[in-house]
Amino acid sequence: MKKYDPIKIEEKWQKIWDETEAFKAKTSKEAKADGENVQKMFLAEMFPYPSGAGLHVGHVRNFSIVDAMARFYTQQRLNVLRPFGYDTFGLPAENYAIKTGISPEVATKQNIDNFRKQAKRLGFAIDWSREINTSDPKYYKWTQWCFLKLFEKGLAYQKESYQWWCPVDQTVLANEQVENGHCWRCGTEVEKKKMKQWFFKITAYADELLDEVDSLDWPEKIKVAQKNWIGRSEGAEISFKVDNDDNQFIKVFTTRPDTIFGATFLVLAPEHPMIAKIMTENAKEKVLDYCKEAIKKSEIERQENKEKTGVFTGAYAINPATGKQIPIWVSDYVLMGYGEGAIMAVPAHDERDFDFANKFDLPVIEVIEKPEDETEKCYHGEGKLINSDRFNGVESADARDGIIKWLEDAGIGKSRVTYKMRDWLISRQRYWGCPIPIAYDKDGNPHAIPEDQLPVIHPEVEDYKPDSTGRSALAKAKDWLKVTIDGEEMTRETDTLDGYACSSWYLWRYVSPDCETAAWDPEEIKYWAPTDVYCGGDHAVAHLLYVRFWCKFFADLGYLPFREPVKRLLYNGYINAPDGKKMSKSKGNVIDPLDVINSGYGADTLRTYELFIGPYNEDAAWSTKAIGGVYRFLNRCYNLVFNPENTVDEKVNIVARNKTAKKVTEDFHRAGFNTAVAALMEFVNELYKNGASEADLVVLAKLLKPFAPHLASEMLEELKSDDEWPTWDEKALVADVVEVVVQVNGKLRAKIQVPAEELNDTDKLTALALAEENVKKYVEGEPKRVIALPKAKLVNIVA
RNA sequence: GGCCGAGUGGCGGAAUUGGUAUACGCGCUAGACUCAAAAUCUGGUGCCCUCUGGGCUUAUGGGUUCGAGUCCCAUCUCGGCUACCA
């Protein structure tokens with residue numbers, strides 16, 4: 001009796017895979033030389049940030065999904081590319097460096113080595129010759145090249161913007177370093193500091209990013225999240241003249257120009273540049289105080305306290321519709337970053353304006369007729385206009401067009417589209433990031449570092465803390481800072497790029513990771529991209545939107561022959577602790593995948609369990625008991641091949657064998673991994689009942705391989721079989737005798753056995769059904785109607 | 001507040017096009033093997049009853065249909081994302 005020893009089997013196969021470079025993808029040239037029929041398949045998971053803690057069970061789930069699919073397509077003899085990489089720039093490594101003095105570069109290398117070792121221990125079918133690392137100069141040279149392309153086209157630009165600032169540590173803080181409005185390190189209340197920063201003009205692609213969402217084979221919730229994030233709204237831009245000053249106008253944006261007759265005051269964002277020009281002497285002190293406080297306010301405070309605040313500027317504007325004088329206020333509920341940073345307030349039909357009017361006792365004029373059953377004080381729906389002069393009685397939708405036309409004719413407004421999405425702020429005053437390839441001349445003008453001087457190497461420093469001027473620790477590399485461009489002495493940019501920039505193009509680097517002449521080889525990208533299957537459980541908007549943005553940009557430049565980077569997106573759920581709570585070190589409920597493997601289960605059990613645990617796209621709770629069931633299943637598979645008790649004629653399980661092959665194949669196409677494993681379990685149960693033929697075992701091992709590749713390889717070796725994915729015979733799916741269900745009035749009353757060849761004879765089926773004793777009991781006289789459905793194997797009698 | 005998703009046994013879940021609800025696994029339980037235990041194997045396992053049979057059951061209440069977990073309407077509960085976007 002041989003015993004299933006996963007540790008030994010896995011060691012053996014991992015060594016073989018490593019030595020033979022078993023998962024190396026063919027380049028486009030090699031594939032073409034092999035013949036026209038070879039289809040390509042490019043799969044990837046969202047590459048990990050290699051933390052010091054090593055792989056966690058969430059990684060394992062994510063990678064196991066991609067691995068199962070990669071192996072499935074490999075067994076179908078496609079040319080599969082399944083690469084791997086590391087997203088290594090980022091705050092954790094920098095924080096660790098500040099704390100320990102160990103350079104991020106050194107720590108990152110260690111973490112990568114550990115991740116690689118662990119990924120290999122899990123037996124993933126990775127093409128290790130294509131490994132990439134975003135903090136490797138060979139990689140970030142091309143991240144910088146991408147930046148320069150955006151800079152060249154005017155899509156990378158500088159703008160003043162507020163940044164978190166800790167007045168005690170004298171340092172900028174990343175969002176993650178601000179905890180409830182306080183510095184993560186010293187606990188001081190943080191401030192906002194205005195600094196010049198780099199942005200990518202993603203808004204230039206807002207419409208295309210929005211329009212093409214619908215055509216994507218992505219989960220609905222991600223598509224909706226992206227649409228909401230882009231947040232397109234149509235409306236109008238309207239100029240309000242400031243009273244007693246013919247030269248001053250305030251522009252507002254509104255989606256409801258039809259309510260303009262109800263605009264009883266204007267509100268400006270505290271950052272609005274017009275405030276200083278219009279405020280009266282009397283109001284000046286109060287207004288400036290308010291603005292200063294509001295700008296300092298953290299977003300957290302704004303969220304906590306939704307009570308409206310504000311201050312009157314002392315100035316008035318003229319409502320162009322009514323000709324009436326209306327007061328101009330300032331309030332932080334108006335955001336400078338959206339629309340014009342100013343609104344016309346219509347308190348009768350906007351809840352926020354209503355609250356504000358209530359608090360400061362401002363007039364409310366209804367201009368849209370409320371439906372009779374409407375109970376809310378503030379009606380924001382559609383209806384006929386009232387109190388609106390010549391527009392009275394017009395439906396609000398029509399009035400919008402009419403009023404915009406009138407505004408255009410009068411030269412004081414026009415229709416306009418705005419987006420919630422802002423341009424992407426990419427400056428980070430951090431050390432451990434990709435240097436921005438820019439230098440400044442004496443006058444502070446930015447210049448591109450010439451392409452032949454790339455990469456701008458990330459310099460080593462002694463102290464990783466940002467300096468007190470708000471610059472990153474790169475400013476401490478004094479020699480590095482100096483650069484000569486076209487004979488002119490310049491100073492390098494010390495901001496680094498947001499990590500999302502590094503990950504916005506890595507999928508394309510995979511096709512030619514060693515290419516020294518381009519970010520991606522044009523031939524290879526043409527063959528491999530776009531990515532066929534991309535799998536991850538995070539970044540619903542940020543990363544997945546940025547990749548789409550860069551794809552469109554580089555497509556416009558002619559570098560990419562496609563406009564959407566990811567054909568099919570699989571968005572996997574999290575694995576939680578057995579109590580259903582998130583795993584975290586502090587709670588002490590973390591399951592370490594390596595512990596699970598080493599406890600004797602092995603990688604095959606772990607991987608299969610994580611795919612069996614539930615639908616891949618839903619969260620699941622770890623169960624230390626249930627994983628034992630998967631181990632028992634694999635053990636049964638092992639025994640069928642290595643300790644057979646009896647072999648049978650290969651016809652015995654012909655239906656089950658073909659059904660299982662079909663089921664597992666179809667489940668792969670719809671990513672139903674949990675049900676595919678269940679189908680394999682059913683098949684094994686069947687083989688235990690009926691005995692197994694060699695043909696049964698070969699099919700079992702082949703179908704099992706994407707889930708438990710080591711064990712399946714061992715089985716296939718014993719069976720002297722290749723691993724080519726099995727096909728099935730549609731005709732063999734039907735048994736000789738079929739069970740047909742008989743219902744009376746939709747209630748199950750009997751089951752009859754019908755020879756397969758008689759199944760399609762509905763008259764015969766009906767007769768057989770009516771002849772059943774238990775059916776007769778419920779049918780008195782002639783049935784009203786009989787529905788006989790051979791395909792559903794069902795007869796329903798209406799009595 | 002807005003948007004999205006989900007509610008099925010003791011538990012994780014299955015039912016893919018409206019057609020046998022509860023596949024598969026866990027747990028529990030009985031038996032075989034064993035001096036015994038573990039492991040393994042075989043069977044049972046939604047609930048209720050007047051138990052060779054029958055009734056009920058997919059969060060709740062209605063509806064459409066020969067037939068509803070699935071479609072429609074209303075209500076409740078939970079989870080996620082987002083958050084003063086004019």
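Just so it is clear, the model here is predicted, and its values are computed rather than measured. Below, read A as the first sequence line, B as the second, and so on, with proteins coming before strands; counting in each chain starts at 1.
- The side chain of A:Q743 has B:G19 as its nearest neighbour among B:G19, B:A86, B:C4.
- The environment of CD in A:Q753 is crowded: more than 12 heavy-atom neighbours from other residues, nucleotides or ligands sit within 6.0 Å.
- An OP1 or OP2 oxygen of B:A39 is reached within less than 4.0 angstrom by no side-chain nitrogen or oxygen of A:N635.
- Among the heavy atoms of the strands, none lies under 4.0 Å from A:E618.
- Between A:I230 atom CD1 and B:A83 atom P there is a gap of 15 Å when expressed in whole angstrom units.
- Within 3.5 Å, a donor on the side chain of A:K751 pairs with an acceptor on the base of B:U20, or the reverse.
- Here B:A86 is the nucleotide among B:U17, B:A86, B:A15 with the atom lying nearest to any side-chain atom of A:T254.
- Close to B:U40, at under 4.0 Å from its OP1 or OP2, lies no side-chain N or O of A:R636.
- Going from atom NE2 of A:H349 over to atom P of B:A86 covers 17 Å, rounded to whole Å.
- Nucleotides B:A23 and B:G46, compared at atom P, are 8 Å apart to the nearest Å.
- Nucleic acid contact for A:K221: sugar-phosphate only, since backbone atoms but no base atoms lie under 4.0 Å from a heavy atom of the residue.
- Comparing B:C24, B:A86, B:U17 by their closest approach to the side chain of A:A678 singles out B:C24.
- The side chain of A:I787 has B:G19 as its nearest neighbour among B:G25, B:G19, B:A86.
- Of all nucleotides present, none satisfies the Watson-Crick or G-U wobble test against B:A86 with each distance under 3.5 Å.
- More than 12 heavy atoms of other residues, nucleotides or ligands lie within 6.0 Å of CH2 in A:W728, so this atom counts as buried by the packing criterion.
- Nucleotides B:C84 and B:U65 have their P atoms positioned 47 Å apart, rounded to a whole Å.
- The only member of A:F240, A:F354, A:F312, A:F356 that meets ring-ring contact (aromatic ring centres under 6.0 Å, His included) when paired with A:F265 is A:F356.
- Ranking B:C3, B:C84, B:C24 by closeness to the A:K308 side chain, first place goes to B:C84.
- In terms of phosphate contacts, A:N674 brings no side-chain nitrogen or oxygen within less than 4.0 Å of OP1 or OP2 of B:G12.
- Positionally, the nearest nucleotide of RNA chain B for A:V741 lies more toward the 5' end than for the other of A:V741 and A:N685.
- Annotation: B:U29 and B:G10 have their C1' atoms spaced 13 Å apart (nearest Å).
- Toward the 5′ end of RNA chain B lies the nearest nucleotide of A:G629, the other residue of the pair A:R232 and A:G629 mapping further downstream.
- By the neighbour-count criterion of 12 heavy atoms within 6.0 Å, atom NZ of A:K223 is densely surrounded, having more than that number from other residues, nucleotides or ligands.
- Looking at heavy atoms from C-beta onward, A:V786 lies in side-chain contact with A:P783 at the 4.5 angstrom threshold.
- Here A:N796 lies in heavy-atom contact (under 4.0 Å) with a base.
- Base pairing analysis places B:U22 opposite nothing; no Watson-Crick or G-U wobble pair with both distances below 3.5 Å involves it.
- Checking B:A59 for Watson-Crick or G-U wobble geometry (two distances, each under 3.5 Å) identifies B:U75 as its partner.
- Backbone-only contact: A:I613 has heavy atoms under 4.0 Å from sugar-phosphate atoms and none from a base.
- Counting only heavy atoms from C-beta outward, the side chains of A:I752 and A:E739 never approach each other to under 4.5 Å.
- Pair check for B:C3 finds B:G80; Watson-Crick or G-U wobble, both atom distances under 3.5 Å.
- Nucleic acid contact class of A:S623 (heavy atoms, under 4.0 Å, all strands): none.
- A glycosidic torsion no more than 90° from 0 defines the syn conformation, and B:C51 adopts it.
- For B:A32 and B:G13, the C1' atoms lie 31 Å apart once the distance is rounded to whole Å.
- Rounding to the nearest 0.5 Å gives a distance of 13.0 Å between OG of A:S64 and CE of A:M69.
- Counting non-hydrogen atoms under 4.0 angstrom, A:Y688 reaches the backbone sugars and phosphates but no base.
- Taking atom CD on A:E772 and atom P on B:U20, their separation rounds to 18 Å, with Å as the unit.
- Note on A:R632: a side-chain N or O is less than 4.0 Å away from OP1 or OP2 of B:G27.
- A straight line from CG of A:L268 to C1' of B:A86 spans 13 Å, rounded to a whole angstrom.
- Atom CG in A:L765 sits about 14 Å away from atom C1' in B:G19, given to the nearest Å.
- With a cut-off of 3.5 Å on both pairing distances, the Watson-Crick or G-U wobble partner of B:A30 is B:U42.
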Query - Worked check of ring pair (Phe, Tyr, Trp, His ring centres under 6.0 Å) between A:Y609 and A:Y631 - result: CA-CA 8 Å; A:Y609 171 63; A:Y631 180 80; over 10 Å; no

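- Atom CE in A:M344 sits roughly 21 Å away from atom P in B:C84 (whole-Å rounding).
- The base of B:C66 lies outside donor-acceptor range of the side chain of A:K784, with no N or O pair under 3.5 Å.
- A:M344 is listed as a side-chain neighbour of A:I260, based on a closest heavy-atom distance under 4.5 Å.
- Base pairing of B:A14 is not made with any nucleotide, judged by Watson-Crick or G-U wobble geometry with both donor-acceptor distances under 3.5 Å.
- Set against B:G25, B:C66, B:A23, the side chain of A:F612 has B:G25 as its closest nucleotide.
- Between B:U57 and B:G9, the two P atoms lie 14 Å apart (nearest whole Å).
- When Watson-Crick and G-U wobble pairs are counted only if both distances are under 3.5 Å, B:G53 pairs with B:C49.
- B:G27 shows a glycosidic angle more than 90° from 0 and is accordingly assigned anti.
- The distance from atom CD of A:E234 to atom P of B:A86 is 12 Å, rounded to the nearest whole Å.
- How far CG of A:L210 is from CD of A:Q226: 10.0 Å, rounded to the nearest 0.5 Å.
- Rounded to whole Å, the separation between the C1' atoms of B:U20 and B:U34 comes to 42 Å.
- Using a 4.0 Å heavy-atom cutoff across all strands shown, A:S233 reaches sugar-phosphate atoms only and no base atom.
- Between the P atom of B:U40 and the CG atom of A:L640 lies a distance of 14 Å, rounded to the nearest Å.
- Using bins of under 30°, 30° to 60° and over 60° for the plane-to-plane angle, the ring pair A:Y500/A:H543 lands in the parallel bin.
- A distance of about 27 Å separates the P atoms of B:A83 and B:G7, rounded to the whole Å.
- Of the listed nucleotides (B:C3, B:A21, B:G19), B:A21 has the atom at the smallest distance from the side chain of A:L748.
- Between the C1' atoms of B:G53 and B:A36, the separation comes to 44 Å (whole Å).
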Protein and nucleotides 52-57 of chain B: nitrogen or oxygen contacts under 3.5 angstrom:
{"from": "B:G54", "atom 1": "OP1", "to": "A:N774", "atom 2": "OD1", "distance (Å)": "3.3"}
{"from": "B:G54", "atom 1": "OP1", "to": "A:Y778", "atom 2": "OH", "distance (Å)": "3.4"}
{"from": "B:G55", "atom 1": "OP1", "to": "A:R749", "atom 2": "NH2", "distance (Å)": "3.4"}
{"from": "B:G55", "atom 1": "OP2", "to": "A:R749", "atom 2": "NH1", "distance (Å)": "3.2"}

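- Contact check for A:V224 versus A:K227: no side-chain heavy atoms found under the 4.5 Å cut-off.
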